[in-house]
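In what follows, every chain begins at residue 1, and chains take the letters A, B, ... in the order their sequences are listed. Below, all heavy atoms of this structure are taken into account, side chains as well, without hydrogens, waters or symmetry copies.
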Protein chains: 2
Amino acid sequence: MAIIRNTIAKKAVFEIIQLNKTAMSQTEIFAKANNICDRVTVYRILERLVKEMKIHKIVNVNGVINYAPCNSCSHEQHVHHDHLHFSCTTCKKLTCISDNRIELNIPSNYQVAEVFLTVSGICPDCLIIT
Amino acid sequence: MAIIRNTIAKKAVFEIIQLNKTAMSQTEIFAKANNICDRVTVYRILERLVKEMKIHKIVNVNGVINYAPCNSCSHEQHVHHDHLHFSCTTCKKLTCISDNRIELNIPSNYQVAEVFLTVSGICPDCLIIT
DNA sequence: TATAATTATGCAACATTGTTGCGTTTACAA
DNA sequence: TTGTAAACGCAACAATGTTGCATAATTATA
């Protein structure tokens, strides 16, 4: 069985994600990591953190993959987390909003894994500027 | 005011999207277009078709942008279309499933543009193979 | 139907995001 | 303290998307 190591870089990346209010892309995380490790290593750390279910992987409306902390989220909720993501088209920030109860109406011959509910638009910060 | 032109390449791209059951990426559309035009032109045609609201732009769970026909979709529905997209993690196909009524619970200081409801998992075709 | 105006295209080059292979380093258990 | 597997760095690659500019094609209208 694979042993999970808690390296310096991994701890740093995890902390960056946890301390941020909005979800972040690999590029943003790497920029904040202050050259603690290689670009590629950040990708691999993120992959591991998702597998260990410590962070969520969410795609914004532009197709950029973002990572958000997985705060109060049980094992079961993790894959079926129905909370809403707001993807700002101005600042490109992805924010986790709230838990939304969704009524899914999917044919039974589809095997559902995860549910993604993303709303695009303009976030409060960008609305003020405008 | 810009005049909209209906070029051969544009007609071809639109037809490809309309005839396909699942949503397609630029790569797939270009492959089907049989060198009717340049790779870049496909990107630009897709951009225009989205702006003209003839097709929908949807992101699959891997971050690849897909395009789907906008069949029975009024002007108002277009930006608020609440129908569900199934993103197969095996064959990567993106399918439009059905209209799902979603109860959105978003703070009023957010300006909503579009709603994306995407479910990942395994589609019927891939389940049979397994 | 000929022509002017401007939309659309092709090509080349670039930018961003994400992946892979491989030799080296490091964390952790014993 | 040390062996071993996990993690890392580097370099190279792959996929997807974008931009600038000269040229071609479409459409209105004269």
Residue whose nearest DNA chain D nucleotide is more 5′ - B:R5 or B:G63: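 The residue mapped nearer the 5' terminus is B:G63.
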Between B:I65 and B:N6, just flag the one whose closest nucleotide in DNA chain D comes earlier from the 5' side.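 Result of the comparison: B:I65.
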Expressed in angstrom and rounded to an integer, what is the separation of [X] atom [atom1] from [N] atom [atom2]?
{"X": "B:E28", "N": "D:dT16", "atom1": "CD", "atom2": "C1'", "result": "13 Å"}
{"X": "B:N66", "N": "D:dG17", "atom1": "CG", "atom2": "P", "result": "9 Å"}
{"X": "B:K10", "N": "D:dA25", "atom1": "NZ", "atom2": "C1'", "result": "14 Å"}
{"X": "B:I45", "N": "C:dG10", "atom1": "CD1", "atom2": "P", "result": "8 Å"}
{"X": "B:E47", "N": "C:dA8", "atom1": "CD", "atom2": "C1'", "result": "12 Å"}
{"X": "B:F30", "N": "D:dT18", "atom1": "CZ", "atom2": "P", "result": "16 Å"}
{"X": "A:N62", "N": "D:dT16", "atom1": "CG", "atom2": "P", "result": "17 Å"}
{"X": "A:L46", "N": "D:dA7", "atom1": "CG", "atom2": "P", "result": "14 Å"}

Could you check whether the side chain of B:R44 and the base of C:dG10 have a donor-acceptor pair of N or O atoms closer than 3.5 Å, going by distance alone?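 Yes, a donor-acceptor pair under 3.5 Å.
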Side-chain N,O ([X]) to OP1/OP2 ([N]) below 4.0 Å:
{"X": "B:T41", "N": "C:dG10", "answer": "yes"}
{"X": "A:T7", "N": "C:dA27", "answer": "no"}
{"X": "B:R48", "N": "C:dA8", "answer": "yes"}

Is it the case that B:K57 places NZ or CZ above or below the six-membered ring of B:Y67, under 6.0 angstrom from the centre and within 45 degrees of the axis?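 So B:K57 doesn't make the cation-pi contact.
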Have a look at A:S25 and say if it touches a base, only the backbone sugar-phosphate, or nothing, with a 4.0 Å heavy-atom cut-off.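 Nothing, no nucleic acid heavy atom in range.
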Out of C:dT17, D:dT18, C:dT20, whichever nucleotide has its closest atom nearest the side chain of A:Y43: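 Closest nucleotide among those given: C:dT17.
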Among C:dT17, C:dT9, D:dG9, find the nucleotide with the atom closest to the side chain of B:A9.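 Out of C:dT17, C:dT9, D:dG9, the nucleotide with an atom closest to B:A9's side chain is C:dT9.
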Let me spell it out: for each of B:I8 and B:R39, pick the nucleotide of DNA chain C with the closest heavy atom. Which residue's pick is nearer the 5' end?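 Whichever sits nearer the 5' end wins; that is B:I8.
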Quick test of your reading of the model: are A:E52 and A:K10 salt-bridged, counting only N-O distances below 4.0 Å?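 Salt bridge flag = yes for A:K10 with A:E52.
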Would you say A:T95 and A:T22 make side-chain contact, with heavy atoms under 4.5 Å?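 Yes, close enough: below the 4.5 Å cut-off.
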Do you see a donor-acceptor pair shorter than 3.5 Å between the side chains of B:K32 and B:N20?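 B:K32 vs B:N20: donor-acceptor pair found between side chains.
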Can you establish whether the number of heavy atoms outside A:L19 located under 6.0 Å from its atom CG is more than 12?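 Result for CG/A:L19: enclosed.
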